[in-house]
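Taking it in order: structure first as structure tokens, then the write-up.
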Protein chains: 2
Amino acid sequence: MVEQARQQATPTIDDVAALAGVSRAVASRALSTEKRPVSAEKRERVLQAAAELGYRVNLLAQSLTTKTVNLIAVVVNHIHDLSDLDLFDRLLAETQAIGKQVILIRVGSVDKVEEFLRQGVAYHVDAALVFSDFADAETVRKMFRSDLVVMLNGRHDRLSPTVIPDEAMGIHQAVADAAQHGVKTAALVTGRASSLVEQARIASYLSAFNQHGIELVQTVQGDYSYQSGHAAAPAVVGFDCPDAVFCTSDAMAMGILDVCREDFPGNRPTRFRLYGFDNLSLTDFDAYPISSIGYDKADYVRQMVRFLADPTAFTPGQPPVLIPTRFVPRKTS
Amino acid sequence: MVEQARQQATPTIDDVAALAGVSRAVASRALSTEKRPVSAEKRERVLQAAAELGYRVNLLAQSLTTKTVNLIAVVVNHIHDLSDLDLFDRLLAETQAIGKQVILIRVGSVDKVEEFLRQGVAYHVDAALVFSDFADAETVRKMFRSDLVVMLNGRHDRLSPTVIPDEAMGIHQAVADAAQHGVKTAALVTGRASSLVEQARIASYLSAFNQHGIELVQTVQGDYSYQSGHAAAPAVVGFDCPDAVFCTSDAMAMGILDVCREDFPGNRPTRFRLYGFDNLSLTDFDAYPISSIGYDKADYVRQMVRFLADPTAFTPGQPPVLIPTRFVPRKTS
DNA sequence: CTGTTAGCGCGTTCAA
DNA sequence: TTGAACGCGCTAACAG
């Protein structure tokens with residue numbers, strides 16, 4: 001009766017060992033993926049017993065002794081930006097390819113970070129990937145009890161590795177393209193200025209404008225969204241239309257394009273040239289042939305996953321890994 | 001020295017108890033969110049000690065005894081469909097709101113399911129939400145050692161709860177709209193027919209066509225993507241253009257719209273009317289004002305999370321929870 | 001190569 | 001209200 005009850009519940013390694021007629025340790029070794037000394041005959045018996053019982057190792061219990069859970073925390077603000085689609089699917093695939101699973105943590109707001117910290121609503125994961133700009137490296141290390149936090153939000157310190165797109169490259173290429181086409185004046189449509197990444201992006205545009213003798217005649221702040229681009233359009237290209245409009249996201253450029261579609265007959269610019277940022281796959285859609293700035297997402301993901309796969313790949317103080325960006329001309333420029 | 005070493009490592013509840021000068025049991029109770037008998041004075045000391053040490057409970061170790069990890073597995077094929085964006089962010093937020101975190105598992109292919117099953121690359125989670133159509137209810141229950149698997153792919157059985165959009169409703173509304181506008185002939189652009197959800201969707205269209213005396217003159221199979229809509233367009237509206245084209249995804253409708261944009265001057269249909277499915281937020285963009293069929297995503301998510309929050313909400317054999325869908329007219333119809 | 005034993009960090013008896 | 005002791009499922013270390 002008691003035995004029956006045990007069978008009903010999820011079988012443990014003890015059950016397997018008992019059925020195979022060996023000790024628990026032998027069963028453990030036989031079941032291990034690594035090569036451990038077990039006689040071929042007993043290994044066979046154990047595997048047989050495990051299959052019979054439908055045994056599945058309890059990774060949580062296992063992690064208690066091995067000190068590694070094969071769990072990666074991915075911290076994001078949210079995932080409703082169009083650019084997220086191109087990224088997270090790859091990230092998931094690559095992470096799983098090295099035998100780890102992803103806990104996706106949505107932070108949403110600064111308050112949420114502090115709440116998570118306070119309540120300890122965070123697992124002791126092996127590593128964390130931080131996209132959200134609401135947390136700095138030290139906070140995240142504390143939050144997850146892990147020294148391996150890859151910062152993708154610009155808020156890294158010398159103790160944490162980071163991978164960042166070298167946006168200056170692509171931005172300079174884009175601005176050079178504009179200059180080559182005779183652009184003299186430009187407007188800039190930005191995202192939230194509180195983000196370090198965004199600040200650096202803006203600085204790159206300013207530097208490039210300066211270098212090519214382009215005058216920045218207007219700056220409008222949006223929030224990366226289509227709607228904010230839509231809303232900004234009248235102010236940007238209304239009264240005194242600049243030769244070119246640069247947006248720090250493709251979605252904002254899409255909003256502007258939709259408001260000014262009559263300025264792009266056959267998708268060719270007349271009044272002004274339009275440049276986006278992100279190189280969304282959406283810009284391959286006929287309706288939004290927006291010249292953009294992009295980088296190899298696969299490479300980006302591969303670099304950060306490399307840190308997860310091999311923690312020794314990072315040594316404190318190491319400079320950021322840079323991913324080259326490039327200008328991708330389409331019809332709007 | 002040994003003590004120092006312990007301090008350096010992540011502190012355990014034993015360290016807290018020692019510092020507070022109480023037993024581990026008392027520390028455990030004082031730290032518990034639930035009301036447990038502890039003298040006010042000792043509780044204070046424990047909390048103080050915990051703060052001092054920066055103690056954070058190890059949720060994984062905790063789960064070993066409590067048998068609940070507050071971890072939910074979300075199983076998907078992949079996340080690069082546009083419709084995913086509208087869904088997963090909500091799902092994350094709602095799941096976290098009930099104090100649980102999400103492990104996002106990307107299956108990618110049928111082979112992958114079997115590999116996961118074989119290798120046991122899955123934690124003993126509290127529950128699973130299955131969107132991927134590569135797995136059935138029993139497989140998933142086995143995979144996660146959990147009886148609580150909410151099936152969203154149509155492959156549920158009487159032991160697992162399910163929430164499904166009542167697509168027939170919206171489809172009939174859309175077809176009725178077409179009939180009202182004098183549509184006599186229609187083409188249908190579908191997704192992968194191997195999906196149960198898709199099969200039901202197609203059946204609903206056929207039934208609605210029949211009911212309204214609309215003749216189905218052509219069926220083309222796509223894969224839900226923009227590209228497949230783009231590719232299908234010539235065949236669908238080329239030689240013998242039907243009065244209306246119904247697509248089982250908005251993305252495919254977008255592809256067709258882009259090929260046939262000259263047929264929609266001012267976004268108004270001339271040669272044929274166009275209907276999508278999903279009610280993507282993208283259809284609010286000016287360039288893609290596609291009449292669609294949608295449902296309240298917030299409600300959808302709320303219903304499935306309800307099963308997670310309260311496992312007793314489901315009793316075996318209970319019928320699926322239905323989410324009403326409705327026709328959302330835009331300019332293309 | 002094998003079996004015994006001692007933890008991993010925690011919650012929960014149960015007797016005091 | 002307290003604390004000692006036990007067990008959760010597993011692996012590592014050790015002795016055989």
Side-chain angles (χ1 to χ4, degrees), chain A residues 2 5-7 9-46 49-50 53-71 120 122-126 145, chain B residues 2 5-7 9-46 49-50 53-71 120 122-126 145:
Chain A
V2 169
R6 291 206 65 163
Q7 303 296 346
T10 70
T12 75
I13 199 171
D14 275 331
D15 299 324
V16 175
L19 183 59
V22 300
S23 78
R24 195 170 59 207
V26 170
S28 171
R29 280 171 223 150
L31 261 14
S32 168
T33 54
E34 297 170 40
K35 276 224 167 303
R36 293 282 160 70
V38 193
S39 70
E41 177 234 1
K42 294 203 174 181
R43 150 166 295 127
E44 222 23 72
R45 286 221 309 269
V46 169
L53 262 36
Y55 170 77
R56 187 92 11 102
V57 65
N58 183 332
L59 288 131
L60 265 30
Q62 180 176 291
S63 77
L64 205 52
T65 65
T66 60
K67 298 289 190 188
T68 153
V69 285
N70 286 335
L71 234 35
Y123 295 79
H124 289 52
V125 294
D126 292 344
R145 297 271 104 124
Chain B
V2 170
R6 290 209 63 162
Q7 303 295 345
T10 69
T12 74
I13 200 171
D14 275 331
D15 300 324
V16 175
L19 182 60
V22 300
S23 78
R24 196 175 60 208
V26 171
S28 169
R29 281 172 228 152
L31 260 16
S32 168
T33 55
E34 297 170 39
K35 276 224 167 307
R36 293 280 161 71
V38 193
S39 68
E41 176 234 3
K42 294 202 175 183
R43 151 166 293 127
E44 222 22 73
R45 287 221 309 270
V46 170
L53 262 36
Y55 169 76
R56 189 89 11 100
V57 66
N58 183 331
L59 290 157
L60 265 27
Q62 180 175 277
S63 75
L64 204 53
T65 64
T66 61
K67 297 291 189 186
T68 151
V69 284
N70 285 335
L71 236 36
Y123 292 79
H124 290 49
V125 294
D126 292 344
R145 297 267 104 127

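In this text, all values refer to a predicted model and were calculated from it rather than measured experimentally.
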Inset, instruction - Using a 4.0 Å heavy-atom cut-off, write out nucleotides 11-16 of chain D from 5' to 3' as B (base contacted by protein), S (sugar-phosphate only) or - (no contact). - result: BBB---
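Shown here are the side-chain hydrogen bond (donor to acceptor under 3.5 Å, both in side chains) partners of A:R45, two or more places apart in sequence or in another chain: A:E41. Partners of A:N58 according to the side-chain hydrogen bond (donor to acceptor under 3.5 Å, both in side chains) rule, which considers only residues two or more places apart in sequence or in another chain, do not exist here. For A:R24, the salt bridge (charged side-chain N to carboxylate O under 4.0 Å, His left out) partners two or more places apart in sequence, or in a different chain, are A:D14. With sequence neighbours left out, the side chain to side chain contact (heavy atoms under 4.5 Å, CB included) criterion links B:R145 to A:T10, A:P11, A:R56, B:H124, B:K142. Here A:L64 pairs with B:A61, B:L64 under the side chain to side chain contact (heavy atoms under 4.5 Å, CB included) rule; sequence neighbours left out. B:T65 is linked by a side chain to side chain contact (heavy atoms under 4.5 Å, CB included) to nothing, counting only residues two or more places apart in sequence or in another chain.
Taking side-chain N and O atoms only, A:S39 has a distance below 4.0 Å to OP1 or OP2 of C:dT2. Residue B:S23 places at least one side-chain N or O closer than 4.0 Å to OP1 or OP2 of D:dG3. For D:dG9, one of the phosphate oxygens OP1 or OP2 lies less than 4.0 angstrom from a side-chain nitrogen or oxygen of B:K67.
Rounded to whole Å, the distance from CG on B:L59 to P on C:dC8 is 19 Å. In this structure, the CG atom of B:D15 is 9 Å from the P atom of C:dG9, given to the nearest Å. Distance, B:L31 CG to C:dG9 P: 15 Å, rounded to whole Å. For B:R56 and C:dG9, the CZ to C1' distance is 16 Å, given to the nearest whole Å. One can place CG of B:L60 at 18 Å from P of D:dC8, the figure rounded to the nearest angstrom. The interatomic distance linking A:N58 (CG) with C:dC8 (P) rounds to 18 Å, in whole Å.
The list of salt bridge (charged side-chain N to carboxylate O under 4.0 Å, His left out) pairs with a residue in residues 60-71 of chain A, not counting sequence neighbours, is empty.
For A:A61, the listed nucleotide lying nearest its side chain is D:dC10; candidates were C:dG9, D:dC10, D:dG3.
Overall bending of the helix from C:dC1-D:dG16 to C:dA16-D:dT1, expressed as the angle between end axes built from five pairs apiece, is 40° (10° steps).
For the atom pair CG of A:N70 and OG1 of A:T68, the computed distance is 4.5 Å after rounding to the nearest 0.5 Å.
For B:L64 and B:V38, each mapped to the nucleotide of DNA chain D holding its nearest heavy atom, the one lying further toward the 5' end belongs to B:V38.
Looking only at distances, no side-chain donor or acceptor of B:S32 sits under 3.5 Å from a matching main-chain atom of B:R29.
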